[in-house]
Amino acid sequence: MSPFTQRVLEIIQEIPEGQVMTYGQIAGLAGSPRGARQVVRILHSSSGKYGLPWHRVVNARGEIAIRQEESRMLQMLYLRDEGVEVADNGQLDLDRWRFIPHGE
DNA sequence: AAGGTGACTGATG
DNA sequence: GCATCAGCCACCT
């Protein structure tokens, strides 16, 4: 497992309940500012495997990025259950719910 | 081996 | 806000 992947997994694990991070944000913190797609792949391949809070990751526009309808709904349910306000179209307010480590 | 793909992003018109 | 374009990069055909 690459250091980058390692970092990504750690970072995602550290997202507090009721908050979210974006793919690009995670990639940047993990040392690869343009590696958003890698973050996607890591989530896609090993979200269940490592018991990651994959549902706390959204795209840069603050919306649920999942294409598949089922998983999409599931993510929305999880977030709402944690207190995050998500619109029916999967939109949420990043300024309000984004997690920023160490007060960056 | 070459080309397509996507749970992405930022810039521009 | 919407549409396009161009970077991006590991994986799958």
Side-chain angles (χ1 to χ4, degrees):
Chain A
M1 176 179 297
S2 73
F4 175 74
T5 301
Q6 191 70 47
R7 280 286 279 138
V8 169
L9 295 177
E10 288 172 8
I11 292 169
I12 294 178
Q13 285 286 13
E14 288 167 9
I15 306 176
E17 202 178 296
Q19 293 199 263
V20 301
M21 286 186 85
T22 70
Y23 298 94
Q25 189 184 0
I26 293 169
L29 288 174
S32 180
R34 313 265 113 53
R37 312 205 83 125
Q38 272 193 82
V39 175
V40 168
R41 206 165 306 106
I42 292 170
L43 247 45
H44 197 272
S45 64
S46 55
S47 57
K49 193 174 178 181
Y50 298 90
L52 292 174
W54 57 271
H55 56 280
R56 307 211 260 252
V57 185
V58 299
N59 69 23
R61 298 183 327 208
E63 48 192 24
I64 294 178
I66 285 181
R67 308 271 195 167
Q68 194 194 7
E69 200 59 19
E70 270 185 48
S71 309
R72 185 189 178 77
M73 286 302 130
L74 191 57
Q75 176 166 17
M76 194 179 301
L77 284 179
Y78 279 141
L79 289 177
R80 282 176 172 165
D81 191 56
E82 294 184 355
V84 179
E85 289 174 16
V86 189
D88 289 340
N89 60 8
Q91 180 77 58
L92 59 85
D93 184 357
L94 266 188
D95 290 335
R96 185 168 175 190
W97 306 108
R98 185 207 293 270
F99 171 54
I100 300 173
H102 300 95
E104 189 175 315

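Keep in mind that this is a model prediction, so the values were computed, not measured.
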Item to complete: To the nearest Å, give me how far apart CZ (Arg37(A)) and P (dA10(C)) are.
Response: 12 Å
Discussion item. Could you tell me how far apart Asn59(A) (CG) and dT9(B) (C1') are, to the nearest whole angstrom?
Written reply: 9 Å
Practice prompt. Flag yes if more than 12 heavy atoms outside Arg80(A) fall under 6.0 Å of its CZ atom; otherwise flag no.
Written response: yes
Practice prompt. Answer whether the closest heavy-atom distance between the side chains of Leu43(A) and Tyr23(A) falls below 4.5 Å.
Written response: yes
Fill in: Flag if over 12 foreign heavy atoms under 6.0 Å of OH, Tyr78(A)
no
Item to complete: Using a 4.0 Å heavy-atom cut-off across all strands, classify Arg67(A) as base, sugar-phosphate, or nothing.
Response: sugar-phosphate
Item to complete: Specify the separation, in whole Å, of atom CG of Leu43(A) and atom P of dA10(C).
Response: 16 Å
Discussion item. Could you tell me how far dA1(B) sits from dT13(C) if I compare only their C1' atoms? Round to whole Å.
Written reply: 12 Å
Worksheet item: Rounded to whole angstrom units, what separation is found between the OH atom of Tyr23(A) and the C1' atom of dC8(C)?
Response: 16 Å
Worksheet item: How close or far is atom P of dA7(B) from atom CZ of Arg61(A), stated in whole angstroms?
Response: 14 Å
Fill in: Side-chain-base donor-acceptor pair under 3.5 Å for Arg34(A) and dC8(C)
no
Discussion item. With a 4.0 Å cutoff (strictly under), does any side-chain N or O of Gln38(A) reach OP1 or OP2 of dA10(C)?
Written reply: yes
Fill in: Nearest-neighbour nucleotide for the Ala60(A) side chain, dC8(B), dG10(B), dG6(B) considered
dG10(B)
Worksheet entry | Integer-rounded Å distance: dT9(B) P and Leu29(A) CG | 13 Å
Worksheet item: Does a side-chain heavy-atom distance below 4.5 Å link Ile11(A) with Gln25(A)?
Response: no
Item to complete: Return the 5'-most residue of the pair Thr22(A), Arg41(A) with respect to DNA chain B, ranking by each residue's nearest nucleotide.
Response: Arg41(A)
Discussion item. Rounded to whole Å, how long is the line connecting atom CD of Gln91(A) with atom C1' of dG1(C)?
Written reply: 12 Å
Worksheet item: Can you tell me how far P in dG7(C) sits from the matching atom in dA7(B), rounded to whole Å?
Response: 22 Å
Fill in: Heavy-atom pair with the smallest gap, counting every atom of Gln75(A) and Val57(A)
NE2-O, 3.0 Å
Discussion item. If I take atom CD in residue Gln68(A) and atom P in nucleotide dT5(B), what distance separates them, rounded to the nearest angstrom?
Written reply: 19 Å
